[in-house]
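Treat the numbers as computed from the prediction; the structure is a model and nothing was measured. Note that these values count all heavy atoms, side chains included, but never hydrogens, waters or copies made by symmetry.
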Amino acid sequence: MRNLIILILLSGLVVGCSSSDKGKTGSEAGAVVVPVSGNENTVLELDPTSDSLLRIETSPVQRAVVNESVHCTGFIEVPPQSLASISSTMGGFVTQIKPYAGSWVKKGEIIAELEHPDYVALQQSYLQAKADRDYLRKELARQQILRSENANATKVLEQTETESRKMDAEVAGLESRLRMAGISPDKVSPENITSKVLIRAPFAGYVSNVLVNYGKYVAPQEVICEMMNREHLHLELSVFEQDMLKLKKGQEIWFRVANSGNAAQYQAHVEVVAQNLDREKRTLNVHGHMEGRNTEELKPGSMVEAEILTGADSVWAVPETAVFTEGGQQWVILKVGPHSYRKQAIVSSGASNGKVAINANQTGATEWEVVVLGVRALRASMNKE
């Protein structure tokens, strides 16, 4: 309400200047806008009463420590070792599918159950090979005894040894195939042949996608579901070529989830700076390691906006409350006389700790007296003119 009254008052003052108060000075008419040349040089003159009513406060440009930073965007990701595409080495029909997408499962927990006659045939082949191996081992022992007594030919012993080694290799191969299929060779026996195999979670984590349903035939190596471990969430950021020389391992990162409406900021640090530049996008990849325990709400694949703090420097700066943006340009309002004000475009080199760094090479920048309170009312009056 106070700001509204002020704006009405300023409007009345300006109207008065443009009609019956023409030709009067600022002290006589109230508020006088004197255009000099262009928007930036437009001067607003107030009488002492209006100046006091607006409660304008100013501050000189001062030295301050401001963090230099690199702005970039990227995504929240998980490392390849924390992602799993779960499949079976042998085809089968789905007879059970347990988790839903988004479910958390423990390592070794059953994900799905498959059934197929090929599992029975594999176990039969394994049992037959084991029986042949055991026979050949006994036969080899007999031939070795006979050979020691010169009761058989050396050739017979060598043939038996060869056949025994071949059968050992066949049994070992079948054992590996059984383990890959999810069947323990130690549990395979003539009384315990099964037509089903169980697919288990390789690690603890979340099921991100389920790609099969009950009764579906799953071909060998076809993905049944996908899993993700969130323990190692990290940032993958893209930094433009002109900023790449500012980057190094260990630098602090502050980021937030883009387009989420959530202003919460999270902390990370630079873990790896890529050694090669993307030739098309002219960007460099930066791997950031997250810090803190408040990352449960973050989701892999989310886009983020980040600031990488590349250093700190003592610079000329103004309070953040003094700076506003119009037409893509940053501005401040300067006090140029006892009751006179004008807009001034600035070139900023960063902001932190409530301060905005300005380019001290701008003419007279270090001598500026900047409005820090009452900026909105002065802007409204200037824009109205």
Side-chain angles (χ1 to χ4, degrees), residues 78 80-144 156-229:
V78 292
Q81 61 268 28
S82 296
L83 296 172
S85 296
I86 302 172
S87 60
S88 174
T89 57
M90 298 179 65
F93 294 94
V94 178
T95 56
Q96 186 178 175
I97 184 73
K98 286 198 169 184
Y100 296 96
S103 303
W104 188 87
V105 295
K106 298 182 292 184
K107 180 178 180 179
E109 186 172 334
I110 296 173
I111 298 292
E113 182 183 73
L114 305 181
E115 185 174 26
H116 199 273
D118 286 350
Y119 303 144
V120 175
L122 178 60
Q123 293 167 86
Q124 288 176 330
S125 298
Y126 172 65
L127 292 174
Q128 182 63 53
K130 275 185 67 178
D132 292 343
R133 181 196 63 182
D134 293 343
Y135 168 77
L136 285 171
R137 284 180 176 178
K138 293 176 182 178
E139 179 62 21
L140 178 60
R142 286 194 294 269
Q143 293 298 330
Q144 287 171 339
V156 174
L157 175 61
E158 290 174 347
Q159 287 177 339
T160 305
E161 288 175 341
T162 299
E163 292 298 324
S164 180
R165 284 195 294 269
K166 287 170 61 178
M167 193 53 62
D168 286 341
E170 185 173 345
V171 170
L174 289 168
E175 286 179 347
S176 294
R177 289 180 61 189
L178 286 169
R179 291 192 184 94
M180 292 173 67
I183 302 172
S184 173
D186 296 335
K187 296 182 179 180
V188 176
S189 67
E191 299 80 19
N192 193 32
I193 293 178
T194 179
S195 62
K196 298 180 180 180
V197 297
L198 301 176
I199 309 301
R200 300 181 181 273
F203 53 68
Y206 289 89
V207 175
S208 55
N209 199 8
V210 178
L211 303 171
V212 300
N213 53 267
Y214 181 82
K216 178 181 178 180
Y217 175 77
V218 180
Q221 286 80 52
E222 182 179 349
V223 177
I224 296 171
C225 71
E226 296 172 335
M227 283 187 60
M228 171 188 65
N229 187 325

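Lys216 NZ to Leu211 CG: the interatomic distance, rounded to the nearest 0.5 Å, is 7.0 Å. In this structure, Ile97 CD1 and Ile110 CD1 are separated by 11.5 Å, a value rounded to the nearest 0.5 Å. In this structure, CG on Leu174 lies 6.0 Å from CG on Leu122, to the nearest 0.5 angstrom. Going from atom CG of Leu198 over to atom OG of Ser184 covers 12.0 Å, rounded to the nearest 0.5 Å. Separating the OH atom in Tyr206 from the CE atom in Met227 is a distance of 10.5 Å, to the nearest 0.5 Å. Interatomic distance, CD1 of Ile111 versus CD1 of Ile86, reported as 5.0 Å (0.5 Å rounding).
Side-chain atoms of Ser164 do not come within 3.5 Å of backbone N or O of Thr160 as any donor-acceptor pair. A donor-acceptor pair under 3.5 Å is absent between the side-chain atoms of Asp168 and the main chain of Arg133, judged by distance alone. Between the Ser208 side chain and the Glu226 main chain, a donor and an acceptor come within less than 3.5 Å of each other.
Taking Glu109 as the reference, Val105, Lys106 meet the side chain to side chain contact (heavy atoms under 4.5 Å, CB included) condition, with sequence neighbours excluded.
Contact annotation: the side chain of Glu170 never approaches that of Lys166 to less than 4.5 Å [non-hydrogen atoms, C-beta and beyond]. In this structure, Val171 and Tyr126 have side chains that are in contact, with non-hydrogen atoms separated by less than 4.5 Å. You'll find the side chain of Val223 stays beyond 4.5 Å of the side chain of Asn209, heavy atoms only. For the pair Ile183 and Gln123, the minimum side-chain heavy-atom distance is below 4.5 Å. You'll find the side chain of Met180 stays beyond 4.5 Å of the side chain of Met90, heavy atoms only.
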(request) Apply side-chain contact (heavy atoms from CB on, under 4.5 Å) to the pair Val78 and Asn229, showing each step before the final yes or no. (result) CA-CA 8 Å; Val78 292; Asn229 187 325; over 6 Å; no
(request) Begin with the C-alpha distance, continue with both residues' side-chain angles, and end with the deciding distance and a verdict on side chain to side chain donor-acceptor pair (under 3.5 Å) for Ser195 and Glu115. (result) CA-CA 6 Å; Ser195 62; Glu115 185 174 26; 2.9 Å; yes
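One side chain, Glu113 or Thr95, offers a donor N or O that lies under 3.5 Å from an acceptor on the other. The closest side-chain donor-acceptor pair between Glu139 and Gln143 falls under 3.5 angstrom.
Of all non-hydrogen atoms in Ser88 and Ile224, the two that sit nearest each other are N-CD1, 4.3 Å. Taking each heavy atom of Arg142 and Tyr135 in turn, the nearest pair found is NH2-CE1, 4.0 Å. The shortest non-hydrogen separation linking Val207 to Cys225 is CG1-CB, 4.5 Å. Of all heavy-atom pairs between Leu136 and Met167, the closest is CD1-CB, 3.8 Å. The two atoms that bring Thr89 and Pro220 nearest to each other are O-CB, 3.5 Å, heavy atoms only. Closest heavy-atom contact between Gly91 and Tyr119: O-OH, 3.0 Å.
The local environment of NZ in Lys107 is sparse, with at most 12 non-hydrogen atoms from other residues, nucleotides or ligands closer than 6.0 Å.
Between His116 and Tyr217, the angle of the ring planes lies from 30° to 60°, which puts this pair in the tilted group.
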